[in-house]
Amino acid sequence: MPVKNRFAELLPQITEWRRDLHMHPELLFDTHRTSGIVEEKLKAFGCDEVVTGIGRTGVVGVIKGRQTGSGKVIGLRADMDALPIIEDTGLDYASTEKGKMHACGHDGHTAMLLGAAQYLAETRNFDGTVVVIFQPAEEGGGGGREMVNDGMMERFGIQEVFGMHNWPGMPVGSFAIRPGGFFAATDVFEINVEGRGGHGAKPQECIDPIVAASQMVTALQSIASRNLDPVEQLVVSVTSFQSEGEAFNVIPQRVRLRGTVRTLDEGVHDMAEERLKAICTLTAQAMGCSVTIDYNRNYPVMVNAEEQTDFAAEVARAVAGDCAEAPLVMGGEDFAFLANARPGAYILVGNGDTAGVHHPKYNFDDEAIPAGCSWWAGVAEMRMPLAN
Ligand SMILES: [Zn+2]
Ligand SMILES: [Zn+2]
């Protein structure tokens, strides 16, 4: 099963959908226009059921196979949201919304899953049920979590989930995947250090929160360098260091630190949080300051299940002849919430030699559409083959 001919026929139309979405990017849960288009098309394709408003603006379509005796139900998921970036591509179909841009290719993801849904609704060459999932708010809003919390898995009886992301730097239409922890957990923290402010020339009368916070920043580096097994992955980055006041001659009362922790393993995840809190609490104590630590676990580690990953790679080989081993990614991915709820696999499809995702010159490559759509269709047909 190489690239399906039907997708070569549908390519101009899917490209047109993609470029229209590109011109009208929407952020987080505000995907009203996009969700409306998805709903309208899924209904036009003849999906057996189309449900809106799951996870606020998420849309779900149900497509039953020619046979359903297998009892299998698989979820295929695309993301719909854009980013708060000023587009700098110069494309004739560039964003018409100032400060909003499809810089992560979710326009391509939505268009490809729509193309696959059209094909699957036309052909229905599978024994089971396909649930196509269009989620809002992948870029930091936890749209996947909202859809799962809305009872999506139970409501549609979803047993397994599959996802796909375009990947700059990989040949267009090629595939890569890996089992286990794939995309990182993305925690954020805020540390407020309070000392005693005063005259910059009288430090003996003050408790300097800048010195205390500086020791914390340095000591936090030891979590990755001294507490972690060197073969594991961890990022601890302090990304903001702000004191109250800007005067040359005033020791401030407070300092606020912000940053992020990235991990690919839940054990490392727990260790990093515990060490961060201990280091900040005890450093503050040593320096005579008080401290409050606000630590938030945002996206969990995105874990590809072994069996589903092997299968996803098999489909990729059927489409593209090969499937590479993907690199670990320290960025987060909202698909983690779906893959935590049901066994799943997330695959990368090559976007060619383009600017990276989240860059103002990034663009999804429409040449990847036939491969991406064929993979989606292959997941349904090969996972739930028709009985003779
Ligand atoms: Zn992104
Ligand atoms: Zn993305």
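For ligands, and for the atoms within them, numbers begin at 1 and follow the listed sequence.
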With a cut-off of 2.8 Å, does Glu138 put an N/O/S atom close enough to the Zn ion (ligand 1)? no
In degrees, rounded to 10 degrees, what angle do His358 atom NE2 and Glu139 atom OE2 make at the Zn ion (ligand 1)? 100°
Do side-chain atoms of Arg6 reach the backbone of Thr123 as a donor and acceptor pair under 3.5 angstrom? no
Would His106 count as a contact for the Zn ion (ligand 1), in the sense that one of its N, O or S atoms lies under 2.8 Å from it? no
Taking 2.8 Å as the cut-off, does His165 contribute an N, O or S atom near the Zn ion (ligand 2), distance below it? yes
Identify, with sequence neighbours excluded, every residue that meets ring pair (Phe, Tyr, Trp, His ring centres under 6.0 Å) alongside Phe189. none
Checking ring pair (Phe, Tyr, Trp, His ring centres under 6.0 Å) against Phe183, which of Tyr346, Tyr299, Phe335, Phe337 comes through? Tyr346
Glu274: which residues meet the salt bridge (Lys or Arg N to Asp or Glu O under 4.0 Å) condition with it, sequence neighbours left out? none
